[in-house]
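One structure is given here, and the rest of the page talks about it.
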Amino acid sequence: MIVVTGATGNVGRELVRTLAAAGEKVAAVSRTPAPVPYGVEHRRADLTAPGSLRGAVDGADALFLLVAGDDPDALLGLAAAGGVRRVVLLSSQGAGTRPEAYRHPVAFEDAVRRSGLEWTILRPGGFDSNALAWAESIRTSRTAAAPFADVGLPSVDPADVAEVAAAALTGTGHTGRTYELTGPAAVTPRQRAAAIGDAVGAPVRFAEQSREEARARMLEVMPEAVVEGTLAILGDPLPAERAVSPDVERVLGRAPRSFADWAARNAAAFR
Ligand SMILES: NC(=O)c1ccc[n+]([C@@H]2O[C@H](COP(=O)([O-])OP(=O)(O)OC[C@H]3O[C@@H](n4cnc5c(N)ncnc54)[C@H](OP(=O)(O)O)[C@@H]3O)[C@@H](O)[C@H]2O)c1
């Protein structure tokens, strides 16, 4: 059985669906009860309280682990005690490119590497689904606001992250690998807004925010170190953060999905 934490999130939801469709036995974990596909078991756990994972990993042989809580060694110890032999960690590209700002994912990566389990680490760049932050303003006023309008980054479709995770959880040849996951091309915030306009069939006006405006908005939902790290990536990306990684294609045998593809599949959120 495969236990998926973050099962209600952008990646976890897709991963649960993908694994269940492939006939795998899946337990979907979240902190509160959540709808799951037919045949999937829902289990409750809060990763900030590692003990709550004990029941959730019962009978599992593989675990998809999110970076949440402060005690990855305890989480991994409980997983191993519950029978888990393989772990796939959803980390972040920033763990490699800006470890001082991404200490939390770095700590989880270190714990996974020393866990004694078969491990695979996923380091995605920014998700295409971050554009859902524009859903309300596009629905109500056909406007999207963001800083650094013309800085392009190769954001990744969470469905591709989920497919790579499914391959690592169920396939062979992924143990001890760290995959950098990006989309197929750099896309700027202005181009993302235009792609959503194309997907909904109505133009979307782009309003460029100052760095300070964006910082204030982000501080409402993220810790300060992560805000600074994210703003640095969005505004002044390192060559490694601008680069398109070959890893999605290497693992899946096809090119990563484009932002336009994500926008077309998620157009309903912006109408
Ligand atoms: N968004 C990005 O651009 C990006 C880029 C690189 C890496 N990542 C990583 O990907 C992960 C998901 O990001 P996302 O943007 O897709 O977020 P998301 O869709 O909001 O998903 C967050 C998930 O985390 C679960 N969760 C949060 N705290 C938890 C806890 N204490 N115990 C158990 N589950 C908990 C939530 O489950 P419930 O609330 O239902 O319990 C939810 O399923 C994050 O860990 C992030 O570091 C994101």
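Scope of the values below: all heavy atoms of this structure, side chains included, with no hydrogens, waters or symmetry mates. Counting convention: from 1, in listed order, for ligands and their atoms alike. Quick note: residue numbers are just sequence positions, from 1. This is a predicted model, so every value here is computed, not measured.
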Any N/O of L47 closer than 3.5 Å to an N/O of ligand 1?
yes
Side chain or backbone, does G6 bring an N or O within less than 3.5 Å of an N or O on ligand 1?
yes
Among all protein heavy atoms, pick out the one at the shortest distance from atom 13 (O) of ligand 1; state its residue, atom name and that distance to 0.1 Å.
F127 CE1, 3.8 Å
Go through ligand 1 atom by atom and flag the ones less than 4.0 Å from a non-hydrogen atom of S92.
6 (C), 7 (C), 8 (N), 47 (O)
Test E163 against R257 for salt bridge (Lys or Arg N to Asp or Glu O under 4.0 Å), laying out the working first.
CA-CA 11 Å; E163 272 190 53; R257 295 175 174 99; 3.1 Å; yes
Is there a polar contact between ligand 1 and G9, counting only N or O atoms under 3.5 Å apart?
yes
N or O contact, R31 vs ligand 1, cut-off under 3.5 Å:
yes
I'd like to know if D58 and R54 make a salt bridge, using a cut-off of under 4.0 Å between side-chain N and carboxylate O.
no
Derivation of the side chain to side chain donor-acceptor pair (under 3.5 Å) call for S155 and D128
CA-CA 6 Å; S155 60; D128 290 345; 2.5 Å; yes
Counting heavy atoms only, which part of N130 comes closer than 4.0 Å to ligand 1: side chain, backbone, both or neither?
side chain
Rounded distance (nearest 0.5 Å) linking atom CD of E109 with atom CG of L122:
9.5 Å
Would you confirm whether any non-hydrogen atom of the protein falls under 4.0 Å from atom 44 (C) of ligand 1?
no
N/O separation below 3.5 Å, S30 to ligand 1
no
Which residue and non-hydrogen atom of the protein lie closest to atom 17 (O) of ligand 1, and at what distance in Å?
N10 ND2, 4.1 Å
Are R177 and E118 ion-paired here, with the side-chain N under 4.0 Å from a carboxylate O?
no
ILVMFWY cluster, L78 and V87 together (side-chain gap under 4.5 Å):
no
In terms of side-chain geometry, is the basic nitrogen of K25 or E41 positioned less than 4.0 Å from the acidic oxygen of its partner?
no
State whether the shortest distance between N or O atoms of P124 and N or O atoms of ligand 1 falls below 3.5 angstrom.
no
Interatomic spacing from CD1 in I196 to CZ in R192 - rounded to 0.5 Å:
9.0 Å
Are any non-hydrogen protein atoms located under 4.0 Å from atom 33 (C) of ligand 1?
yes
Atom 40 (O) of ligand 1 has as its nearest protein heavy atom T8 OG1, 2.5 Å
Any idea which atoms of ligand 1 are less than 4.0 Å away from a heavy-atom of T48?
31 (N)
Which ligand 1 atoms are under 4.0 Å away from a heavy-atom of S91?
7 (C)
Is R86 salt-bridged to D61, cutoff N-O under 4.0 Å?
no
Given E213 and R211, is the salt bridge (Lys or Arg N to Asp or Glu O under 4.0 Å) satisfied, shown in steps?
CA-CA 6 Å; E213 275 174 288; R211 190 180 193 286; over 6 Å; no
Does T5 come within less than 4.0 Å of ligand 1, judged by its heavy atoms?
no
Who's the nearest protein heavy-atom neighbour of atom 24 (O) of ligand 1, and how far?
L66 CD2, 2.9 Å
Numbered in order shown, the ligand 1 atoms found under 4.0 Å of a heavy atom of G126 are 3 (O)
Salt-bridge criterion met for E14 and R17 (N-O under 4.0 Å)
yes
Mind running salt bridge (Lys or Arg N to Asp or Glu O under 4.0 Å) on R265 and D261 for me, showing each step along the way?
CA-CA 6 Å; R265 294 194 334 272; D261 186 317; 2.7 Å; yes
Please state whether G125 comes within less than 4.0 angstrom of ligand 1, counting heavy atoms only.
yes
Regarding D160 and R254, does a basic nitrogen lie under 4.0 Å from an acidic carboxylate oxygen?
yes
Numbered atoms and elements of ligand 1 in range of L90, under 4.0 angstrom, heavy atoms
10 (O), 11 (C)
Scan the protein's non-hydrogen atoms and note whether one is under 4.0 Å from atom 20 (O) of ligand 1.
no
Would you check whether D46 has a nitrogen or oxygen atom less than 3.5 angstrom from a nitrogen or oxygen atom of ligand 1?
yes
